[in-house]
Number of protein chains: 2
Amino acid sequence: METRELRYFVAVAEELHFGRAAQRLGIAQPPLSRAIRQLERRLGVTLLERDSRSVALTAAGSVLLREGRAALDAVAAAGRRTRRAGQAADGGAGLVLTTKAGASSELLAKLLDAYAAEPDAVPVEVLLCGIGEQERLLRDGRADVALLHLPFDSTTGLDSEELVTEQQVAILPAGHPLARLPHLRTADLETLPDLPMPRWPRPDGSYPPGPGPGVRDPAQLLQLIALGRTVAVLPESARSLLLADLTAVPVPDAPAVTTVIAWPPHSRSRALAALVRTATRL
Amino acid sequence: METRELRYFVAVAEELHFGRAAQRLGIAQPPLSRAIRQLERRLGVTLLERDSRSVALTAAGSVLLREGRAALDAVAAAGRRTRRAGQAADGGAGLVLTTKAGASSELLAKLLDAYAAEPDAVPVEVLLCGIGEQERLLRDGRADVALLHLPFDSTTGLDSEELVTEQQVAILPAGHPLARLPHLRTADLETLPDLPMPRWPRPDGSYPPGPGPGVRDPAQLLQLIALGRTVAVLPESARSLLLADLTAVPVPDAPAVTTVIAWPPHSRSRALAALVRTATRL
DNA sequence: GCGATCGATACCCAGGCGGTATCGCCGCGG
DNA sequence: CCGCGGCGATACCGCCTGGGTATCGATCGC
């Protein structure tokens, strides 16, 4: 199976429409139809149910969608990591670390400082991204290592080490009635008519319905809280990012958040190993 | 990057010889040279140092060798799993479980029996293999789930659940002087002139040097012990496989062996989940 | 029943991939 | 010192296949 065929199939499976998929791929529709048919013949499996009016995935098709995406990511990762390894000799960035914008900033600063002081440290590029994007960045080679936050992120398929665990606090406008209480419960916050809880993206990237604003990362969220549009429960370390007129109130019954450093399995880079060692020693 | 290019590069990187690689790939040498050059141009990286007398990998080349193998496995897995998903409708095997030949046979029998009794169990094919091959089988889609043995196997990049932990015993000819002792230490066994320890394959498939016989799996090993050629330290459950004239003696200072059930991350199959659940309940 | 939409088919063209022949370089042996 | 052999690179050629255009056939909405 060639990656071209996989790319074509993934496009059709995502669009469920040959015309749009062809447009996205920058080719005409007939060659796309042909390529998919040929792929089905070679696999001996029908991947799509064409109803002359609509296209639907078969069970085998959804397997190929999931596995094909993973395979395409692996191919992309191979290319990117090779390119970077070749340019590393010319003084390119040594490691790419990704974290959610606005999360673990103190920890990250300490980590970068401590690592830079190591004897043979390489340059570290920081790649800020939104919720749920980090795993993808690791898998397709755009990043080498990530700071994740359990239980929100998942580490399946990654190697990881735990760094710190913190309780969560509610971030509220200073003048809000709840801001005076010594602590809150999650239930207190979920139904505030004036401050609806924000909506985070689901694993597939879509947002659940609801009244609150959709946010991509904690930095965005803090902006919205400062504007008095929402309220949030965040790890204690978010206190350091607190803007004026905001207060943090402990929420003991919210799950504790563990920050972990994670990387793709089988990464055998000395620089990465040194960074992880530095992180666990903080 | 197309999988064809990756296959070509991996072949050359493994053979370090364009002619042999071309022969292995079933093509002539010139197109292979061209393809590699083109790949290097597109990546903007030299992958191989050609010395007109020998071929060597650059740093970037060894990155691409490792990542490319992983990517090719992922592509192969996508094809195989899709094919199997398509044929499952026609009553093909539902799950492929792999374990080392001769290991955990009692546990495996219990697991298969218990799972078969579940309400919506699917057929399970058992794929016996040698040491170190299981991870590959999971990654390239030839197997869905494996029984691994820590600390010998690695679960990096896999999801897993622990099943049982056992102490190890030495397997000796019944007449051997050491067979009468109540227990042994590993040091006692490593330097027996009449019974050299077996040699297991290293992660890359080669065998370390030494006097003992090279073995691929415990079943093979038990044969050799029965022939009086070697001695081995195996988990207690190997007692059930003991042939005539062999004795098992506890070795308390050998590391405990934990049998785990492992599967590729992101496998979202109901049948697999049911099998894992059954296993953890044993 | 008619038009619009969408996937499939027919046909054509060209780029690319693979094959053969050959070159250039280097190490080795006589 | 020269010739030979091995190996990767280059030159050139032919075919296969991937992509484009035109068109068909089926189906749904009006």
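Note that this is a predicted model, so its numbers are computed, not measured. All chains are named by letter (A, B, ...) in the order of the sequence lines, taking the proteins before the strands, and each is independently numbered beginning at 1.
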| Nucleotide-resolved protein contact map, nucleotides 24-30 of chain D, B/S/- at heavy-atom distance under 4.0 Å | ---BS--
| task | Rounded to the nearest angstrom, tell me the gap between atom CG in B/L39 and atom C1' in D/dA9. | result | 17 Å
Show each protein N/O and nucleotides 14-21 of chain C N/O combination with a separation under 3.5 Å, one pair to a line.
| from | atom 1 | to | atom 2 | distance (Å) |
| --- | --- | --- | --- | --- |
| C/dC17 | OP1 | B/R4 | NH2 | 3.2 |
| C/dC17 | O5' | B/R4 | NH2 | 3.4 |
| C/dG18 | OP1 | B/Y8 | OH | 2.6 |
| C/dG18 | N7 | B/R34 | NH2 | 2.4 |
| C/dG18 | O6 | B/R34 | NH1 | 3.4 |
| C/dG19 | OP2 | B/A28 | N | 2.7 |

| field | Under-4.0 Å salt bridge between B/R69 and B/E14 | value | yes
| query | Hey, does A/L64 have a side-chain heavy atom less than 4.5 Å from the side chain of A/L6? | reply | yes
| task | Return the residues of residues 14-23 of chain A meeting this criterion: a heavy atom under 4.0 Å from some atom of DNA chain D. Order them by number, or give none. | result | none
| Looking at side-chain heavy atoms only, is the closest gap between A/F9 and A/E5 below 4.5 Å? | no
| message | What is the distance, to the nearest angstrom, from the CG atom on A/L47 to the C1' atom on C/dG7? | response | 16 Å
| How about B/E15: does its CD atom have over 12 heavy atoms from other parts shown lying under 6.0 Å from it? | yes
| field | Closest approach of A/L138 to A/V145 (non-hydrogen atoms, all atoms of both residues) | value | CD2-N, 3.4 Å
| query | Does A/P208 have any side-chain contact (heavy atoms from CB on, under 4.5 Å) partners at least two apart in sequence or in another chain, and if so, which? | reply | A/R199, A/R202
| Note, B/L97 side chain near B/W263 side chain (heavy atom, < 4.5 Å) | no
| said: With a 4.0 Å cutoff (strictly under), does any side-chain N or O of A/S33 reach OP1 or OP2 of C/dG7? | reply: no
| field | Atom pair distance, as rounded to whole Å: CZ in A/R50 and C1' in C/dT9 | value | 13 Å
| message | Test side chain to side chain donor-acceptor pair (under 3.5 Å) on A/E40 and A/T46; report intermediate values, then the result. | response | CA-CA 5 Å; A/E40 286 180 315; A/T46 68; 5.1 Å; no
| query | Nearest-Å distance, CZ (A/R7) to C1' (D/dG19)? | reply | 14 Å
| B/L48 CG to D/dC7 P: how many Å, rounded? | 16 Å
| With B/T156 via side-chain contact (heavy atoms from CB on, under 4.5 Å) - residues at least two apart | A/D159, A/P265, A/H266, B/S154
| message | Test of understanding: with side-chain contact (heavy atoms from CB on, under 4.5 Å), list the residues that count as partners of A/A219, not counting sequence neighbours. | response | A/A101, A/D217
| task | In whole angstrom, give the distance that lies between atom CD of B/E2 and atom P of D/dT17. | result | 15 Å
| Less than 4.0 Å between a side-chain N and a carboxylate O, is that true for B/R80 and A/E67? | no
| request: Grab the CD1-P distance between B/I36 and D/dT10 for me, whole Å please. | output: 14 Å
